[in-house]
Amino acid sequence: MSFISPAYAQAAGGAGAGSGLEAMFPLLMIFVVFYFLLIRPQQKKAKEHKAMLEAVRRGDKIVTGGGIIGTVSKVIDEVEISVEIADGVKVRVQRGLIAAVLSKTEPVNDDKEDKKGKKGKKDKKDEKSDGDDKKEGGAGKLKGLLGGKS
């Protein structure tokens with residue numbers, strides 16, 4: 001009877017030769033699921049954020065990573081921008097810390113259309129809001145940033 005035990009052990013080992021591929025299949029499937037549910041969307045979001053940061057220009061209203069809302073007053077270089085957060089208050093911010101662009105502006109006089117003689121037109125709302133800010137001395141913008149009624 002001592003010969004029967006090794007025979008059973010050898011038969012069980014011989015049938016398990018294909019189990020290496022079968023064991024790898026679930027791991028491969030988990031990787032595929034992680035790629036489509038986690039890795040690929042993260043790469044897409046990072047690509048969109050990079051494109052947004054490259055498109056930031058003077059006059060854009062932005063939100064920084066710390067939650068500060070301001071208007072881009074000057075693009076210093078590829079790494080830094082100057083942001084006006086209140087009348088006369090400018091801070092330098094790293095471009096990578098911009099969380100979102102709230103509103104885009106029209107290109108400043110460097111645009112080809114402006115060179116051809118076409119001038120940008122302001123909306124009536126913009127003219128009215130500019131006049132209101134001048135009457136309040138800029139306090140309306142600060143109240144709006146702090147959550148007060150303007």
Side-chain angles (χ1 to χ4, degrees), residues 9 12-150:
S19 66
L21 294 175
E22 292 173 2
M24 294 294 286
F25 184 72
L27 293 174
L28 183 65
M29 291 306 296
I30 289 171
F31 179 74
V32 169
V33 168
F34 269 96
Y35 177 77
F36 283 108
L37 294 180
L38 296 174
I39 299 170
R40 189 169 168 218
Q42 183 65 28
Q43 288 176 343
K44 184 178 178 182
K45 186 176 179 182
K47 186 177 180 181
E48 289 173 357
H49 189 258
K50 184 178 178 182
M52 177 196 66
L53 293 180
E54 290 173 355
V56 169
R57 61 177 177 240
R58 187 170 50 122
D60 290 350
K61 193 168 186 178
I62 63 166
V63 179
T64 65
I68 297 173
I69 300 173
T71 304
V72 176
S73 60
K74 181 180 179 184
V75 177
I76 298 169
D77 57 17
E78 292 185 14
V79 178
E80 287 185 42
I81 60 171
S82 178
V83 178
E84 185 172 4
I85 57 174
D87 288 335
V89 180
K90 293 181 181 179
V91 293
R92 291 173 70 163
V93 178
Q94 287 186 343
R95 203 180 272 248
L97 292 177
I98 296 174
V101 176
L102 297 178
S103 62
K104 300 286 292 172
T105 57
E106 294 298 319
V108 184
N109 299 328
D110 296 338
D111 195 18
K112 293 178 183 178
E113 292 180 10
D114 289 339
K115 290 180 182 178
K116 292 179 181 177
K118 295 180 182 178
K119 295 183 180 178
K121 297 179 182 178
K122 282 189 170 183
D123 292 336
K124 291 181 180 180
K125 290 181 181 179
D126 292 339
E127 291 174 3
K128 185 177 178 183
S129 66
D130 290 343
D132 292 342
D133 290 341
K134 290 177 185 174
K135 290 178 187 174
E136 295 181 12
K141 288 183 183 177
L142 188 57
K143 284 182 184 177
L145 288 174
L146 298 176
K149 294 181 180 178
S150 55

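What you see below is based on every heavy atom in this structure, not just the backbone, and it leaves out hydrogens, waters and symmetry mates.
Counting non-hydrogen atoms of other residues, nucleotides and ligands closer than 6.0 Å to CD of Gln94 gives a total of 12 or fewer. Open room surrounds NZ on Lys50; 12 or fewer heavy atoms of other groups in view lie less than 6.0 Å from it.
With contacts defined as side-chain heavy-atom distances shorter than 4.5 Å, the pair Ile98/Val83 does not qualify. At a threshold of 4.5 Å between non-hydrogen side-chain atoms, the residues Arg57 and Val72 do not count as touching.
No option in Ile62, Asp60, Thr71, Ile69 other than Ile69 meets the side chain to side chain contact (heavy atoms under 4.5 Å, CB included) test with Leu102.
When all heavy atoms of Arg58 and Val75 are compared, the pair lying nearest together is N-CG2, 4.2 Å. Residues Leu53 and Arg95 share a closest heavy-atom pair of O-NH1, 2.6 Å.
Looking only at distances, no side-chain donor or acceptor of His49 sits under 3.5 Å from a matching main-chain atom of Gly96.
A search for side chain to side chain contact (heavy atoms under 4.5 Å, CB included) contacts involving Lys90 returns Ser73, Ser82, Glu84, not counting sequence neighbours.
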